[in-house]
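A short worksheet on the structure shown next.
Scope of the values below: all heavy atoms of this structure, side chains included, with no hydrogens, waters or symmetry mates. Here the structure is a predicted model, which means the values were calculated and not measured. When a ligand or atom number is given, it counts from 1 through the structure's own listing order.
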Amino acid sequence: MSPVIVRTVDELRKKVRGLRDHGRTIGFVPTMGALHEGHLSLVRAAKADGHATIVSIFVNPTQFNDPKDLEKYPRNEAADVALLAPLDVAIVFAPTVDQMYVDGFSTKVSVTGISEVLCGATRPGHFDGVATIVSKLLLQALPDAAYFGQKDYQQLAVIDRVVADLNIPTEIVGCPILREVDGLAMSSRNVRLSSAGRQAAPVLLTTLKDAATKIAGGADISTTIDEAQKTILGAGFSNIDYLELRANADLAKLSRFDRPARLFVAAFLDGVRLIDNLEIGDA
Ligand code: PAF
């Protein structure tokens with residue numbers, strides 16, 4: 001059944017009240033559209049937890065530090081809604097920019113520390129934009145639980161922090177990364193890769209796996225990372241934003257593997273910025 005499409009915050013709140021009046025709990029999946037199996041797995045997780053599910057589709061301008069990236073971001077609401085239809089989604093919340101950022105909008109949610117490393121170091125303002133829009137969405141829908149993919153592990157850490165710090169009464173659920181059969185992490189940006197780029201892209205995961213195995217076996221971190229960077233650049237990536245070992249808990253950069261940690265990578269291929277991460281021990 002096709003989901004109800006809602007464009008305004010008032011209408012969203014009314015519909016959520018209606019669902020709650022019928023005894024339903026609410027699971028929320030925030031997205032920027034261009035949906036793929038990764039997003040659908042979040043919807044399935046919300047449904048498996050027994051919630052009536054709301055999916056938001058909103059390409060949030062404040063989290064794009066590069067206007068060209070915002071312009072090129074794929075948008076196809078009709079295709080997104082068609083993908084959601086078989087999943088029995090209760091509501092698609094697809095507001096306009098004016099609805100989310102009203103005239104005179106001047107508030108920003110900003111998380112220090114964990115927002116400033118990795119993607120935050122090269123994408124100034126990105127996590128302020130994410131923290132602000134996710135806070136707004138959660139306060140608008142007040143869901144019981146909200147679902148995010150671990151591909152954006154840093155984003156998930158930032159959102160966990162916001163929800164704890166601002167006492168937002170929503171459980172944040174991190175879901176496993178969904179991958180193509182060749183290992184490339186699913187992303188709305190993958191469609192922008194050339195066919196040669198698409199063939200080269202899985203080297204990100206194979207390299208992370210190889211490095212993670214070496215690190216788990218006690219290899220020197222800096223040598224392992226240097227080698228991994230060479231492999232990625234050798235496969236056709238034009239540059240690497242970061243390839244680092246960081247602690248799961250607080251994203252502290254590690255030069256020794258002495259606590260639960262993962263490798264994080266962001267690198268450019270065909271002008272497309274791809275990110276991935278792998279827990280040491282998962283290789
Ligand atoms: O991960 C995304 O698609 C976005 O950053 C999010 C969480 C929907 C906020 O705009």
Close aromatic pair by centroid cut-off 6.0 Å: Tyr73 and Phe64: yes
Atoms of ligand 1 close to Pro30 [distance to a heavy atom under 4.0 angstrom, numbered from 1]: 8 (C)
Among Met32, Gln63, His126, closest by any non-hydrogen atom to atom 9 (C) of ligand 1: Gln63
Atom indices of ligand 1 within 4.0 angstrom of Ile133 heavy atoms, with elements: 9 (C), 10 (O)
Pair Thr25-His51, side-chain donor/acceptor within less than 3.5 Å: yes
Ligand 1 contact on Thr31 by region, counting heavy-atom pairs under 4.0 Å: backbone
Check: Tyr147 ring centroid to Phe28 ring centroid under 6.0 Å: no
Residues Tyr101 and Asn60: side-chain donor-acceptor under 3.5 angstrom: yes
Taking atom 2 (C) of ligand 1 as the reference point, the nearest protein heavy atom with its distance: Gln155 NE2, 3.9 Å
Under 3.5 Å side-chain donor-acceptor pair for Arg262 and Asn248: yes
